[in-house]
Structure formats: structure tokens, C-alpha cells
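In what follows, a structure is listed as C-alpha cells, so that the remarks can point back to it.
Values below: all heavy atoms of this structure, side chains included; hydrogens, waters and symmetry mates excluded. Convention: sequence-line order gives letters A, B, ...; per-chain numbering from 1.
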Amino acid sequence: MSDELNPPQQAAVRHVQGPLLVLAGAGSGKTRVITEKIVHLVERAGVAARNIYAVTFTNKAAREMNTRIAARLPAERRRGLNVSTFHTLGLNFIRQEFAALGLRPGFTVMDADDSFSLIKNLLHQSDHKDVIEPKALQWQISLWKNELLAPDSFLTHADEDIRAQAQLYAQYQQQLAACNALDFDDLIGRPVALLRQDDAVRERWQARVRYLLVDEYQDTNTTQYEFVRLLVGKLGAFTAVGDDHQSIYAWRGARPENLHRLAEDFPSLSHIKLEQNYRSVNSVLDAANHLIAKDTTTHAKRLWSAIGAGEAHRVIVCAHAEEEAERIATEILQQHFRQQTDYRQFAVLFRGNHQARLIEQALRKLNIPYTLTGGQSFFDRAEIKDAMAYLKLLVNPHDDAAFLRVINTPRREIGTATLEKLGQHAQEWRSSLFAAATSIGIASRLDARAHERLHRFTDWLHGIRSNPGEALATLRRLFADIDYAGYLRTQEASTKAADRRWQHIEEWLDWLEKISREHEDGTMNLPALAQRMTLLGILDQQTREQDSNAVALLTLHAAKGLEFNHVYLAGMEEDTLPHRDCQDEERLAEERRLCFVGITRARLSLTFTLCKRRRRYGEWREITPSRFLDDIPESLLAWQGVGIAQPKAASEAQARDHLAGIMAMLKK
DNA sequence: ACGCCGCGTATTTTT
DNA sequence: TACGCGGCGT
């Protein structure tokens, strides 16, 4: 990338008077524009860093932006700068306004798992457990929250099913309140509600947010849009950066039309388009341009680059999925050795995670290192979940999810019968389980032994909580107290396995210490640490993967924002991409954009693969190539593979050469 | 408390 | 086909 900003980039950076929408094509340097603009605001426009807010969707993006700014601004000039995810901004807001929201200090942020177990319990106690799927209910509640809809608007709905779901939604909110807890969606929804109703709070925040920058604007949902609108007020000192061509999250509530809704809400809105691409050769961009031209729901943009022409993209047709996987693996191996290409420069992209399995196998067979997103993470380990639950419970004993997780870990001989009664009591009194366990009334519902055990636990928790100290030291003391290491030894057949799991706890403690140190004011207190931990959960998994020199296996969704020299787009088939469950135009258009995102990840080369036949749910099915391939001009594609343009004998000879080449490479 | 069997289902996922 | 979950049986 050149050092100089191009004219539209410069215009975007310098435009500080009034609202601005930057339509930034794939690879057009949007992160650079945002970071340069922050530098510009501080150094030229005289805005104090603490009054500048930049919002992203992922922790990774926020971190990347912080790193880039750190390289451009000295520490004292960027002190107080707010670069964070939407959710972290919401959390910080709530940490300052929690009393007005009816929360007590030390409130819990429940992650998706916690909220799921809460919903399951609620559903279990209701009489809808046979008709409503907990997963579906969680999904519906989240969609409603993303649309800023409260349960009461559905309690009188014509559809009985929806009424029932709304009822459970209301109960879920009550339960969260009883637990002094919020879920992820609340982190944005609750601030929005407060900003709407409380003039003083709104004015305070609007005075604070002197300039707001929002990344990936096409991914905002209704609630996030509203958050932005309320924070910037009438003045509208903000820059929104987005690309409607990369809108691939409508299925989970994103409203890409928010991009264009801005013009209605802010009549003085200026537009700037970034169309020069700094990533890809032109053959890649041509394919992308042709494909996206057929998306009538988005606005025209034409990518171009000064990087060179590039070559036609191969379309490899395989007999079946196993062959497709092997083909991709051997191609990568060949290129790795012949052209001295690092493995990290390759990516294999696909629509669904299940497609990864065969590709993984094929890569493993050839000893090619790879990373896979969406697998089991560090945080899915039982011991880590236990540890996190203990931390959360320490901070907020009313956190039911945490309470249930650790009440009997290690064994305290508190069984399901006791918990059932406790749950009933909590339900009746609209209280948390902890409150129920310590209430006077509970004694009559439980037999003396159970009551005694329960009390031993709550007393113990009280004891630890009332003996404050440094955060990490308190945690270590807690684990020693319950002899968690000993418990692990009872759980594992070998001491070695138990030690490894204890090792994970140590790693987790180190990680917490790191988070704590990264905090601006030195060390964090326990509540802040617990809350931050929940929001960061996934981060380290991602950063770990990036460090290794390995082929990246990614879903198309996970690939957004990344780039690779060589991209393989697997499963270019009808019913896969586009996915079979999208009849309507909206859905189909989103699949097209998904394909667009995949294509525009490639810097130098792009290879499409597909199968003629595929086994689906046990049955062999004939496959039609993806309609998206029809939308790319023939001149940009080079078809090869089974029955395509190559006589059988020739392809067999080629296959032999291929294999011989591979064997030779493997030997050296 | 644990394990097994049978049934139903089967994108994409961040915070 | 495969996997995960719920229910039931030991």
C-alpha cells in the first residue's frame, strides 16, 4: 500500500464538519481511513482523545485499530481514547449508569451459554417445553432485543406460539434482573433505553462523545443504530464506514439499510466512495464486480486496483467431496514447494463448517499444517468454565448460571432434588437461587441435611466475599480452599491428565492478569475483571491461530476482513452456495454477497472447486454448479477436472505426474 | 449417577 | 450419514 492516502481517502479523513458516510469497497483501506481520521481529529482538529469514540464489531478489529493508532500517536496524546466494540462501549456505559438501570455493583454479564442454561431452566419449568425449542427461544429473544422490542408488545399477539415465547421472554428478563445480570444484547439495549428516557444522561453522554466513528456500519442492527443516533445527537459529528456489498449478517438481525437510513436521519450527510482496492489483482476484482453487479439490493461500486492484471481463476470440477478435498490439499502442497509459498498465504473457504472435515483429513494426510476456526476453544474446557463460574459467583452470588455450574463442583452432595426445590422457591419469590438458599422460608422446604449442606456452601461464599484482597490472589485462595486441583485428580484417571487441566487454570489466571494489566488505571477490581473476561472470551483463540504458519480453513463468514494470497473457494454448488434454504430474493442476495466476500479475500489467485456428486444425509445427489459461477464471465474462468476439456488418457497421465511430483516433494 | 439407545435434525456467529 | 440430546433403565 502506498504511503499517501488517495484523494477520496484524504477527503474522508479531513471531513470533520457534519456527518459522513464512507462507502468503502473491499480492500479499499477503510481501517486506515478510520485510524488516520482519529489521528487527524487529535492533531489537527483539536479534539481531545477522551472525546473520540470509535466502535467496531469484534475485539480483534478494536485491538487492530488500537495498535495502529499507537504507532501514529504518542501515548499522552491518545490517553483516554475510546476504541472498543459496541458491547464494550455498552458495558462501560452501564458501569457508570448501573444504578439508574436497577443494577447493583458487581452485576454479571452472561455469555450465550449462561443465558442458554437460564432459558432452558425457564422453559423446563413452563408448560411449553415440548413445543418450544430452547435454541429457537434464545434466538427469538435475541432478535427481539436487536429490534428494541419489549415482551409486552407480543403478549397479545394473535399467534399462540409467539405469545408463549413473549411470556418466556418476560420471565427471562425478570430472571436476569433477579440475578443482577445482563445478557450480551442488553449491553446495548439497556443503554439505548436509558438514553431515550433520561435527558440528563443523554446530554451528559452527548457532551462526552464529541466525535464518533463506526466501522462495518452495514452490520449494525436496529439497537446499535439507535445507540449511535442517541450518542451523536443532533450535531451528528460522526463518520460511518461500511460496505453494503459485504452485508452478510442480516440473518442475525443486521440491517444493512441502516447505511442509507442515515441520509434520512441526517439530511446534511455527506457521502464518499472508496473504490480503489489495495489488495487484489484485477482478475479477482473483475470477477467480484461482475458477480455483485447482479445484486439489485445494493448500490453500485466498482473496484479497481493498480496491482496488475492477474490470471483467470481455475474452476476445478471433482467427482465427489473426497476428491475435492484431496485436490485442494495437493494443489497447496505443490505450490508450497514449487513456489516457496508459506502455508499461511493459503486459505480454503467454505459455506458450512461440516465442509471442513474432509479438507482437514486431506491436509493431515499430506502433513500440511492448518488452522480451523469454530472448533473447541480453550474456553470450552470444563475446568475453565468452572473457574469462570467461580469468579462470576464471587463477584455476584446471585448469578444463577454460575451458581448452578459450581454448586456441586467439587461434590458438595447437593443433588437435583434440592436444586429443584430451590428453583421453585426462587421462581415463586422472583429471586435468585442464592437468595432462595439464604432465605428464611427455604428451611421448611428442605430436609435438614440438605439445608445444612446448602448453608455450608453459602456461608463459605460469604466468607470469601467478605475478605477482600487483590483480585488474582483472592481467586488463587478460592481454588486452594476448595482444593480444585484435588478435585481434578478425582476426575481424571491419570495424575498427568489432572495436572494438565490444572495447568489450564494457571494459564487462565495468567490471562486474567494480562487483561488486568492492560487496563488503563493499572489493575482491575474483581467485577470489572469478570465483566471484561466475558466480553473477551473468544479473542485469544483467534490470536493464537494467527501466529502459526498454517493454511487457514474458514467459513465465508469468518473470512470477512481477512486476506490471503491464494484462496480456494470450495463447494461452488447450488444448495451449498447459495445455501439450499434461501428461496426468497433477500436471502439469495445475501448468499451472493457471501460469495463476493469470499472472492475479494484473494490477493493473487483464486480457485473455485465443486463436485459433480455429493453424498448428502447418506444419499448420493447429482450437483449443479453454483449459479454464481454463471455470473462471472467465461473469459475469467479456466475450467478443469472430471470430464471437462481433457481427454481421459491425458488426465490420467497428468494425475500420475501429479502424484510422482508429490512423492518427490514429500521425500525431501 | 451413569450409560446407552433411539429419535430427530441437519447454515452462517460475534459479543 | 452423523451427531447430539433426552429419556429411560440399571
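Spacing between C/dG4 and B/dT11 at atom P, rounded to whole Å, works out to 13 Å. C/dC3 and B/dT12 have their P atoms separated by 15 Å, given to the nearest Å.
Rounded to a whole Å, the CG atom of A/Leu143 is 18 Å from the P atom of B/dT15. The separation between A/Phe350 atom CZ and B/dT13 atom C1' is 14 Å, rounded to whole Å. As a whole-Å value, the separation of A/His354 NE2 from B/dT11 P is 7 Å. B/dT14 atom C1' lies 14 Å from atom CG of A/Leu562, rounded to whole Å. In this structure, A/Asp581 atom CG and B/dT9 atom C1' are separated by 12 Å, rounded to whole Å. For the pair A/Leu358 CG and C/dT1 C1', the interatomic distance rounds to 12 Å; values are reported in whole Å. Per the geometry, CG belonging to A/Asp185 stands 8 Å off C1' belonging to B/dT15, to the nearest Å. One atom, CZ of A/Arg580, and another, P of B/dT9, lie 13 Å apart when rounded to the nearest Å.
By the 5.5 Å and 30° criteria, A/His579 is stacked with the base of B/dT11. Judged by centroid separation below 5.5 Å and plane tilt below 30°, A/Trp251 stacks onto the base of B/dT12.
Geometrically, A/Arg252 engages A/Tyr249 in a cation-pi contact, judged by NZ or CZ lying under 6.0 Å from the ring centre and within 45° of the ring axis.
Residue order along DNA chain B, read from the 5' end via each residue's closest nucleotide, puts A/Glu133 first among A/Glu133 and A/Ala558.
Results of the side-chain contact (heavy atoms from CB on, under 4.5 Å) test with A/Thr220 over A/Leu259, A/Val55, A/Asn258, A/Asn146 single out A/Asn258 as the only residue that passes.
Listed nucleotides B/dT12, C/dT1, B/dT14 differ in distance to A/Tyr617; the shortest reach to its side chain belongs to C/dT1. Among B/dT15, B/dT11, B/dC2, the nucleotide with an atom closest to any side-chain atom of A/Arg411 is B/dC2. Here B/dT15 is the nucleotide among C/dT1, B/dT13, B/dT15 with the atom lying nearest to any side-chain atom of A/His87.
Contact annotation: side chain of A/Arg252 to base of B/dT15, donor-acceptor pair absent below 3.5 Å. A/Arg351 contributes a side-chain N or O that forms a donor-acceptor pair with the base of B/dT11 under 3.5 Å.
Ring planes of A/Phe93 and A/Trp205: tilted class, angle from 30 to 60°.
A/Gln140 and A/Lys145 form no side-chain donor-acceptor contact under 3.5 Å, judged by distance and modelled atom types alone.
For the pair A/Arg357 and C/dC3, the criterion of a side-chain N or O lying under 4.0 Å from OP1 or OP2 is met. Using a 4.0 Å cut-off, some side-chain N or O of A/Thr555 falls inside it from OP1 or OP2 of B/dT13. Contact annotation: A/Asn353 side-chain N/O to B/dT12 OP1/OP2 distance is under 4.0 Å.
Under 4.0 Å is where a charged nitrogen must lie from a carboxylate oxygen, and between A/Lys30 and A/Asp243 no such pair does.
Shortest non-hydrogen contact noted between A/Ser115 and A/Tyr172 is CB-OH, 3.1 Å.
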